[in-house]
2 protein chains.
Amino acid sequence: MSRTKARAALLQELEEAMRRSSAQGVLYGQTVANVAGIANSDLECMDILYLEGRVTAGRLAEVTGLTTGAITGVVDRLETAGLVRRERDDADRRKVFIAVVPEAIAKISQFYVPMQQAMEKVFGGYSDQELHLLLRFANEGYKGVVAATEALKGLLDTPPEKRPALKLKTRPRRP
Amino acid sequence: MSRTKARAALLQELEEAMRRSSAQGVLYGQTVANVAGIANSDLECMDILYLEGRVTAGRLAEVTGLTTGAITGVVDRLETAGLVRRERDDADRRKVFIAVVPEAIAKISQFYVPMQQAMEKVFGGYSDQELHLLLRFANEGYKGVVAATEALKGLLDTPPEKRPALKLKTRPRRP
DNA sequence: ATATATATCTTAGTCACTAAGAGATTTAGC
DNA sequence: GCTAAATCTCTTAGTGACTAAGATATATAT
């Protein structure tokens, strides 16, 4: 066996490792939601708001894959909790922008401290050059996942009888 | 500015990139669930079963953070769909092992084809040596997230009045 | 102007979840 | 061995976030 593993085996190992850490990441998010006493979707929306800034209710529905009706509920809860504010767009008064209340960032980010500490520790074991490689991978990986998500969504447009499905549910969950 | 970015800025950029791609990964999973017509938790349990193999109902509850009652429902649905089988442990007849039915792997993994293709494409841009670095990071990152999750769970044991909470919900979601 | 499109919200009903406890089996103490 | 406590899964009742469908309000096009 060579110093570097055979590429095929390496790719497979990498895929499983990514899958495993990704699953654990999901679990971390769920734990945050539980500890904070906030619904999972509500936290997901806060994360989107943190990353994208001030976005419309419709955009939240689009990104999360929830219906607009569900988003109304999400925003209601977040607004009641004082984490976000609804702001009507004066240019187009149908639109409602959702904006994060400044203090909310601190309220939420405290739950990510353990994660940040763990990641700092991990990153500490890498040189600047290696971190650049990781950054490149994170960015390219992100684009790859976006593309994969779009490709998968494409299946929803194919007629149901021609599309693979497990049919645990009778009704589809998205409009 | 040097050829490599200042480390602090690099770390911050890396954190945001990871967060972004992680969020997109969550969305991919949700899309899989929607396209497959399967509940999110059901898919998460299938993923755990795929990674860990034959596990007990209690272990599923532990790993997902769901109650055992919820897991009963998950397993009921997965069993009805013909994806898993319940197998009583002969050594300890209280325990119920959940085992994936062989054909289920193929049924599920078809929904991950877009993701696999996207990842293959991304990985194609890296040398064996670089992939080894990514593998090392994925493994260390996984351990880091596990540790962070445990640390965060520790907050649940601290008295509620001493613990930071957002209190969007009146009742806690975990026992 | 009128019709059509777009953006959010409302309502009714559904489904997965929690909490609490029951049932079945195992382990510990005497 | 026998009883009590512990462990594991399932059951039941009730709750809350979700979807689907349509209402409301505003914007755009003909």
Side-chain angles (χ1 to χ4, degrees), chain A residues 30-31 33-46 54-81 84-99 156 167-175, chain B residues 30-31 33-46 54-81 84-99 156 167-175:
Chain A
Q30 288 176 356
T31 307
N34 291 323
V35 174
I38 181 178
N40 229 300
S41 299
D42 296 11
L43 186 66
E44 191 184 349
C45 284
M46 283 303 294
R54 188 164 159 273
V55 301
T56 65
R59 171 84 183 139
L60 276 183
E62 200 180 308
V63 175
T64 57
L66 296 176
T67 60
T68 60
I71 292 297
T72 298
V74 169
V75 176
D76 283 350
R77 289 189 296 272
L78 292 177
E79 200 172 33
T80 304
V84 305
R85 256 202 321 264
R86 277 184 168 91
E87 297 174 356
R88 279 231 170 252
D89 185 4
D90 284 327
D92 183 345
R93 298 190 44 74
R94 293 169 303 178
K95 288 185 185 169
V96 171
F97 279 103
I98 317 300
L156 280 174
K167 294 184 181 170
L168 268 78
K169 303 181 162 189
T170 45
R171 284 184 303 119
R173 293 181 75 211
R174 295 288 147 84
Chain B
Q30 288 177 355
T31 307
N34 291 323
V35 174
I38 181 178
N40 229 299
S41 299
D42 297 12
L43 186 66
E44 192 185 349
C45 285
M46 284 302 295
R54 189 163 160 273
V55 300
T56 65
R59 171 86 183 135
L60 275 185
E62 200 181 308
V63 175
T64 57
L66 296 175
T67 61
T68 59
I71 292 298
T72 299
V74 169
V75 176
D76 282 351
R77 289 189 295 273
L78 292 178
E79 198 171 35
T80 304
V84 306
R85 256 201 320 263
R86 276 183 168 90
E87 296 174 356
R88 279 231 171 251
D89 184 5
D90 285 326
D92 183 345
R93 297 189 46 72
R94 292 168 304 178
K95 288 186 186 170
V96 172
F97 278 103
I98 315 300
L156 280 174
K167 295 184 179 166
L168 269 79
K169 302 182 164 186
T170 45
R171 284 182 302 120
R173 295 181 74 210
R174 295 290 147 80

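Here is the naming used below: chain letters follow the sequence lines, and residue numbers restart at 1 for every chain.
- Residue A:Arg77 places at least one side-chain N or O under 4.0 Å from the OP1 or OP2 atom of D:dC18.
- Looking at heavy-atom distances under 4.0 Å, A:Ala57 makes contact with sugar-phosphate atoms alone, never a base.
- A straight line from CG of B:Asp89 to C1' of D:dT7 spans 13 Å, rounded to a whole angstrom.
- C:dA7 atom C1' lies 9 Å from atom NZ of A:Lys95, rounded to whole Å.
- Spacing between atom CZ of B:Arg94 and atom C1' of D:dC8 amounts to 6 Å, rounded to whole angstrom units.
- B:Asn34 has its CG atom 19 Å from the P atom of D:dA17, to the nearest Å.
- Residue A:Arg93 places none of its side-chain N or O atoms closer than 4.0 Å to OP1 or OP2 of D:dA27.
- Counting any heavy atom pair closer than 4.0 Å across all strands shown, B:Arg86 reaches sugar-phosphate atoms only and no base atom.
- Sequence order on DNA chain D of the closest nucleotides to B:Arg88 and A:Ala70 puts B:Arg88 first from the 5' end.
- C:dA16 atom P lies 12 Å from atom CG of B:Leu66, rounded to whole Å.
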ask   = So B:Asp76 and B:Arg86, side chain to side chain contact (heavy atoms under 4.5 Å, CB included) or not? Walk me through it.
value = CA-CA 9 Å; B:Asp76 282 351; B:Arg86 276 183 168 90; 2.9 Å; yes

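- Below the 3.5 angstrom threshold, one finds no donor paired with an acceptor across the side chain of B:Thr67 and the base of C:dC17.
- Contacts of A:Gly69 with the nucleic acid, taken as non-hydrogen atoms under 4.0 Å apart, include base atoms.
- Residue order along DNA chain C, read from the 5' end via each residue's closest nucleotide, puts A:Asp92 first among A:Gly73 and A:Asp92.
- Atoms CD (A:Glu62) and C1' (C:dT8) sit 14 Å apart, rounded to a whole Å.
- Looking at B:Arg54, B:Arg93, B:Lys95 one by one, the single match for salt bridge (Lys or Arg N to Asp or Glu O under 4.0 Å) with B:Glu87 turns out to be B:Arg54.
- For the pair B:Gln30 CD and D:dA17 C1', the computed distance is 13 Å after rounding to whole Å.
- Note: A:Thr56 OG1 to A:Glu62 CD = 8.0 Å, rounded to the nearest 0.5 Å.
- Rounded to an integer number of Å, the gap from CG of A:Asp42 to C1' of D:dG16 is 11 Å.
- The two residues B:Glu44 and A:Gln30 have their closest heavy-atom pair at OE1-NE2, 3.2 Å.
- Remark: A:Ser41 is not in phosphate contact with D:dA17, judged by side-chain N or O atoms under 4.0 Å from OP1 or OP2.
- A distance of 9.0 Å separates SG of A:Cys45 from CD1 of A:Ile98, quoted to the nearest 0.5 Å.
- Heavy-atom distances to DNA chain C give each of B:Thr68 and A:Thr72 a nearest nucleotide, and the one nearer the 5′ end belongs to A:Thr72.
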